[in-house]
Engineer: 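One structure is given below, represented as structure tokens, and several questions about it will come after.
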Amino acid sequence: MELDPTVRKELIRQLSGTINPSLLMKRRIKVALWETTVSLSYLMKRLLDLAVSTAAIIALFPLFLLTALAIRIEDPGPVFYTQIRVGKDGRHFSFYKFRSMIMNADKIKDQLAAQNESEAGVIFKMKKDPRITRVGRIIRKFSIDELPQLFNVLKGDMSLVGPRPPLPREVAEYTLEQRKRLHVIPGITCLWQVSGRSDIPFTDQVRLDLQYIQSAGILSDIRLLLKTIPAVLTGRGAY
């Protein structure tokens, strides 16, 4: 049975009166300090994202041009590939990549569903995907196809470090535990990206993402960014 609003307010007033004022003040101070710490953490992460992504775009601009030219020469069509992905708290956004597949690759994907090599079946992975172009195999191996996501970082849709943003159809198959990946802003690199990338089974990807969320911080982000460099250069697990 629901209490009358007037009765509820009176009960709250009476209970509040029994709390030690000094104890109440200490609790308020602790909450304020916690909220300030969280806000500063988000601010520092955002500043890191803006600084590094801006510097990377400027430094890698020649590589952007060469990649765009190679894609157009091999397979005329759009240089960039835009896809809807799921971000923080389930918000959809436009996700950018260099196009590494033939035109209409998404339509052909359904025909290849039976050849999915992902153990969990939620994501689609295929080592010898026939849709990938020759240039596409090179830029995928060294993660060059992911560079346009630096613009996603500038827009605030993504961060440099965080769980990779999934497709809406993948999220539809998530369990409640797996949906916890959506509690933070997605990133370009993450724990499983530096630990084997596509060789990591989906269930382990989720475990590592949740591990990152629980221990996220500016120092851990910097460490992951530094680990990403050798992971990209070796190309292990990229396909």
Engineer: So do Gln205 and Gln178 actually touch side chain to side chain, heavy atoms under 4.5 Å?
Structural biologist: no

Engineer: Is it the case that the side chain of Glu170 and the backbone of Leu167 share a donor-acceptor pair, with hydrogens and angles ignored and the cut-off at 3.5 Å?
Structural biologist: yes

Engineer: Quick check: closest heavy atoms across Ser159 and Asp49, and the distance to 0.1 Å?
Structural biologist: OG-OD2, 2.8 Å

Engineer: Have Lys155 and Tyr96 got a donor and an acceptor in their side chains that come within less than 3.5 Å?
Structural biologist: yes

Engineer: Using 0.5 Å steps for rounding, measure from the CZ atom of Arg207 to the CD1 atom of Ile200.
Structural biologist: 8.5 Å

Engineer: Which heavy-atom pair separates Arg99 from Met101 by the least distance, and what is that distance?
Structural biologist: NH1-O, 2.8 Å

Engineer: Please find the pair of heavy atoms, one from Gly217 and one from Ser220, that lie closest to each other, and give the distance.
Structural biologist: O-OG, 2.8 Å

Engineer: Could you state whether Leu60 and Ile57 fall into the same hydrophobic cluster, counting links through intermediate Ile, Leu, Val, Met, Phe, Trp or Tyr residues with side-chain heavy atoms under 4.5 angstrom apart?
Structural biologist: yes

Engineer: Atom CD1 of Ile102 and atom CD of Glu74: how far apart are they, to the nearest 0.5 Å?
Structural biologist: 10.5 Å

Engineer: Quick one: CD1 on Ile132 to OG on Ser100, what's the gap to the nearest 0.5 Å?
Structural biologist: 6.0 Å

Engineer: For residues Gln193 and Thr228, determine if any side-chain heavy atom of one lies less than 4.5 Å from a side-chain heavy atom of the other.
Structural biologist: no

Engineer: Do Arg85 and Gln149 have side-chain N/O donor and acceptor atoms under 3.5 Å apart?
Structural biologist: no

Engineer: Heavy atoms, side chains only, cut-off 4.5 Å: are Asn152 and Phe93 in contact?
Structural biologist: yes

Engineer: CD1 of Ile188 to CG of Leu147: how many Å apart, nearest 0.5 Å?
Structural biologist: 8.0 Å

Engineer: Would you kindly confirm whether Ile58 and Val52 end up in one hydrophobic cluster when ILVMFWY residues are joined by side chain heavy atoms under 4.5 Å apart?
Structural biologist: no

Engineer: Got a salt bridge between Asp157 and Lys88, using NZ or NE/NH1/NH2 to carboxylate O under 4.0 Å?
Structural biologist: no

Engineer: Check the side chains of Trp192 and Asp209 for a donor-acceptor pair under 3.5 angstrom, ignoring hydrogens and angles.
Structural biologist: yes

Engineer: Which heavy atom of Lys180 sits nearest a heavy atom of Glu177, and at what distance?
Structural biologist: NZ-OE1, 3.0 Å

Engineer: For Val232 versus Phe142, what's the shortest heavy-atom pair and its separation?
Structural biologist: CG1-O, 3.0 Å

Engineer: Taking the side chain as C-beta and beyond, is there a heavy-atom pair between His92 and Val86 under 4.5 Å?
Structural biologist: yes

Engineer: Less than 4.5 Å apart, any side-chain heavy atom of Leu225 and any of Leu48?
Structural biologist: yes

Engineer: Among the clusters formed by ILVMFWY side chains lying less than 4.5 Å apart, do Val171 and Phe202 turn up in the same one?
Structural biologist: yes

Engineer: Verify whether one side chain among Tyr212 and Asp221 offers a donor that lies under 3.5 Å from an acceptor in the other.
Structural biologist: yes

Engineer: Do Leu210 and Val206 make a side-chain contact, defined as non-hydrogen atoms from C-beta onward lying under 4.5 Å apart?
Structural biologist: yes

Engineer: Does the side chain of Ile71 reach to within under 4.5 Å of the side chain of Pro76, using non-hydrogen atoms?
Structural biologist: no

Engineer: So, do Phe98 and Phe80 have ring centers that fall under 6.0 Å from each other?
Structural biologist: yes

Engineer: Side chain of Ser143, backbone of Glu146: donor and acceptor closer than 3.5 Å?
Structural biologist: no

Engineer: Are the side chains of Ser53 and Phe151 in touch, meaning some heavy atoms are under 4.5 Å apart?
Structural biologist: no

Engineer: Which atoms form the tightest heavy-atom contact between Arg164 and Met158, and what is the distance?
Structural biologist: NH1-CE, 3.9 Å

Engineer: Can you tell me how far the CD1 atom of Ile144 sits from the CG atom of Leu66, to the nearest 0.5 Å?
Structural biologist: 9.5 Å

Engineer: Can Met44 be reached from Leu160 by stepping across I, L, V, M, F, W or Y side chains whose heavy atoms are under 4.5 Å apart?
Structural biologist: yes

Engineer: Among the clusters formed by ILVMFWY side chains lying less than 4.5 Å apart, do Leu208 and Leu219 turn up in the same one?
Structural biologist: yes

Engineer: Assess, by modelled atom type and distance only, whether the side chains of Thr133 and Asp75 contain a donor and an acceptor separated by less than 3.5 Å.
Structural biologist: no

Engineer: Return the CD1 to SG distance between Ile213 and Cys190, rounded to the nearest 0.5 Å.
Structural biologist: 10.5 Å

